[in-house]
Number of protein chains: 2
Amino acid sequence: MSELKYSYKYPHPAVTADCVIFGFDGVSIKILLVKRGIEPYKGKWAFPGGFMRIDETSEECAKRELDEETGLKTSSVEQFYTFTDVHRDPRERVITIAHIALVRLSEVKGGDDAEVARWFAQGDIPSLAFDHDHILRMALKTLKERICFEPIGFELLPEVFTMSELQNLYEAILEVKFDRRNFYNKMLKLGILSEAEPRSADASRRTPSKYKFNATKYAELKQKGFRLEF
Amino acid sequence: MSELKYSYKYPHPAVTADCVIFGFDGVSIKILLVKRGIEPYKGKWAFPGGFMRIDETSEECAKRELDEETGLKTSSVEQFYTFTDVHRDPRERVITIAHIALVRLSEVKGGDDAEVARWFAQGDIPSLAFDHDHILRMALKTLKERICFEPIGFELLPEVFTMSELQNLYEAILEVKFDRRNFYNKMLKLGILSEAEPRSADASRRTPSKYKFNATKYAELKQKGFRLEF
DNA sequence: TAACTTTGTGTAAAATTAACGCAATAAGCT
DNA sequence: AGCTTATTGCGTTAATTTTACACAAAGTTA
């Protein structure tokens with residue numbers, strides 16, 4: 001009555017997919033963690049993730065685990081590094097394909113059990129299970145690099161946003177400060193923003209213009225190979 | 001007398017590490033392929049690689065396979081993407097962690113069996129085994145990105161090189177042409193080059209200056225976070 | 001020998017980036 | 001209500017960087 005039904009000539013590592021989930025509340029970056037309910041590292045916070053099934057790709061696995069553990073559904077899931085340290089899991093040899101997921105906080109319904117899944121501010125992350133501290137460092141580094149090549153920010157912002165929100169996002173991810181007016185000019189000149197509404201006449205100075213992401217224009221730019229410089 | 005000695009409760013994919021090996025002959029990029037001696041894809045060209053052992057990381061595996069299949073030893077091996085398509089190997093479920101290796105052609109001794117391993121010019125690659133065509137496309141894309149952040153070129157060039165060789169390398173990787181004088185100025189201003197010899201007095205105009213990579217200066221630059229713009 | 005290539009060293013114009021000014025007006029405070 | 005502060009749109013100017021070429025010396029090729 002052995003439960004070990006799957007046998008191989010050579011040892012096979014287990015393969016998992018983990019998800020580093022980023023959100024943005026208009027001011028700072030948030031990261032979603034789940035509290036582990038079982039050993040090892042029971043009670044510690046970790047990234048959602050789990051064992052890859054034999055008939056799914058790592059991205060499919062990451063999305064499935066994300067949904068199962070947090071109820072979030074997002075199309076923006078992409079691998080960024082595979083962690084293969086021999087002793088990263090005390091149970092058996094496990095390698096994990098780590099993914100970055102971007103979700104719109106504005107679309108997240110608050111129904112989650114806060115004891116199980118919680119958003120943490122970037123500077124407020126507790127020590128994590130497994131090698132997830134290491135995974136987090138790599139994820140943050142990757143996010144910084146990607147934001148210069150792809151307008152990933154638009155996956156984090158609501159459909160319609162202000163220039164200040166966009167700037168806050170870039171500043172939060174890149175950990176720098178920009179001059180508001182120069183940032184404004186640079187973004188507009190890029191051409192990947194369109195004004196959401198034609199700025200109503202009664203709008204006063206203090207009411208900011210609303211923008212949205214222009215996917216068509218971005219596709220053209222991407223074709224030529226562009227890069228955001230900061 | 002079953003040979004299936006390793007058993008698990010759930011199915012485990014096999015994990016391999018593959019190596020896309022780049023070399024540079026002073027003019028163009030070369031890629032090292034090995035001819036497969038066994039099925040599947042027997043007789044087809046492929047990247048060196050093989051199954052990861054249970055006690056080694058993917059990089060250790062990549063280096064070991066590289067050595068075993070081609071006799072090359074290089075320290076510059078780094079993963080760039082993990083390929084997880086469900087049917088990428090007809091035998092069983094195999095995911096592969098793909099690596100980029102950079103080797104100095106000047107240090108490669110020609111003793112290899114040309115029937116088994118051969119350098120191909122970049123535009124001259126035959127159709128490859130498995131999903132290795134896909135892997136190659138990704139590797140070339142990754143190389144283009146990395147060369148803007150790290151002076152990986154210096155792993156491909158001999159210890160001492162001329163400015164033209166360096167420019168040829170950048171042009172080959174990025175598939176663009178630069179103005180010779182502007183490239184020269186930009187590279188010198190960066191400060192990561194030192195003159196190898198103080199340009200002998202009898203050297204005529206046609207004898208180019210020799211440079212080498214200044215690792216100290218690069219470390220300083222890297223600290224600040226730099227980027228090569230092209 | 002003539003035509004061409006390769007190398008070192010420039011320079012001037014064009015484009016981009018960085019730094020900052022200012023007025024209008026909403027919001028906060030007493 | 002009156003005062004201060006913060007936010008937004010729209011500029012300008014100076015510094016820096018990028019781009020496009022010029023030219024002479026000296027090998028190489030035909």
Side-chain angles (χ1 to χ4, degrees), chain A residues 24-28 147-149 157-158 160-172 174-212 221 224-230, chain B residues 24-28 147-149 157-158 160-172 174-212 221 224-230:
Chain A
F24 180 68
D25 64 3
V27 179
S28 57
I147 205 174
C148 294
F149 289 91
L157 289 166
V160 168
F161 49 86
T162 69
M163 195 61 86
S164 298
E165 287 169 335
L166 185 62
Q167 181 174 353
N168 286 342
L169 176 63
Y170 273 81
E171 290 182 342
L174 295 170
E175 298 179 279
V176 289
K177 288 286 174 191
F178 299 115
D179 178 272
R180 178 180 59 87
R181 294 150 291 189
N182 291 339
F183 182 87
Y184 177 99
N185 287 330
K186 175 174 264 174
M187 273 298 164
L188 286 189
K189 189 150 54 88
L190 255 184
I192 57 176
L193 298 183
S194 357
E195 248 173 299
E197 313 140 32
R199 190 166 184 72
S200 55
D202 63 322
S204 68
R205 272 291 166 88
R206 276 295 286 273
T207 313
S209 301
K210 301 274 195 176
Y211 297 92
K212 52 185 182 180
L221 261 184
K224 301 188 215 160
F226 84 117
R227 185 201 267 143
L228 279 157
E229 303 293 349
F230 289 108
Chain B
F24 180 69
D25 64 3
V27 179
S28 57
I147 205 174
C148 294
F149 289 91
L157 288 166
V160 169
F161 49 86
T162 69
M163 196 60 87
S164 299
E165 286 169 335
L166 186 62
Q167 180 173 353
N168 285 342
L169 176 62
Y170 274 81
E171 291 182 340
L174 295 170
E175 297 180 280
V176 289
K177 287 286 175 191
F178 299 115
D179 179 273
R180 178 180 59 89
R181 294 149 294 185
N182 292 339
F183 183 86
Y184 177 98
N185 288 329
K186 176 174 264 173
M187 273 297 165
L188 285 189
K189 189 150 52 92
L190 256 183
I192 57 177
L193 298 183
S194 357
E195 247 172 302
E197 314 140 32
R199 190 167 183 73
S200 55
D202 64 322
S204 69
R205 272 290 166 90
R206 277 293 287 270
T207 313
S209 301
K210 301 275 196 176
Y211 298 92
K212 52 185 180 179
L221 260 185
K224 301 189 214 159
F226 85 116
R227 186 201 267 140
L228 279 156
E229 303 293 348
F230 288 108

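Below, chain A is the first sequence line, B the second, and so on; all start at residue 1.
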Starting at atom [atom1] of [X], determine the distance to atom [atom2] of [N], rounded to an integer number of angstrom.
| X | N | atom1 | atom2 | result |
| --- | --- | --- | --- | --- |
| A:Phe178 | C:dA19 | CZ | P | 12 Å |
| A:Asn182 | D:dT12 | CG | P | 14 Å |
| A:Asp179 | D:dC10 | CG | C1' | 13 Å |
| A:Lys186 | D:dG9 | NZ | C1' | 19 Å |
| A:Met163 | D:dC10 | CE | P | 10 Å |
| B:Lys177 | D:dT18 | NZ | C1' | 20 Å |

Would you say [N] has OP1 or OP2 under 4.0 Å from some side-chain N or O of [X]?
| X | N | answer |
| --- | --- | --- |
| A:Ser209 | D:dG9 | yes |
| A:Tyr184 | D:dC10 | yes |
| B:Thr207 | D:dA26 | no |

- [ ] Kindly say whether, by distance alone, the side chain of B:Arg206 makes a donor-acceptor pair under 3.5 Å with the base of D:dT28?
- [x] no

Open item on the list: Any base atoms under 4.0 Å from B:Ser164, or only sugar-phosphate, or nothing? Heavy atoms, all strands.
Closed with: sugar-phosphate

Open item on the list: I want to confirm an ordering. Mapping B:Thr162 and A:Arg181 to their closest nucleotides on DNA chain C, which one lands closer to the 5' end?
Closed with: B:Thr162

Open item on the list: Can you confirm whether more than 12 heavy atoms, excluding those of A:Lys186, are under 6.0 Å from its NZ atom?
Closed with: yes

Open item on the list: Can you work out whether B:Arg180 or B:Lys189 has the more 5'-proximal nearest nucleotide on DNA chain D?
Closed with: B:Lys189

- [ ] Show the numbers, then the answer: is there a side-chain contact (heavy atoms from CB on, under 4.5 Å) between B:Leu193 and B:Phe161?
- [x] CA-CA 10 Å; B:Leu193 298 183; B:Phe161 49 86; 3.9 Å; yes

Task: Heavy-atom closest contact (A:Asp179 atom, A:Asn182 atom, distance) - done: OD1-N, 3.0 Å

- [ ] Taking all non-hydrogen atoms of both residues into account, name the closest pair between A:Gly26 and A:Asn168 and its distance.
- [x] O-ND2, 3.2 Å

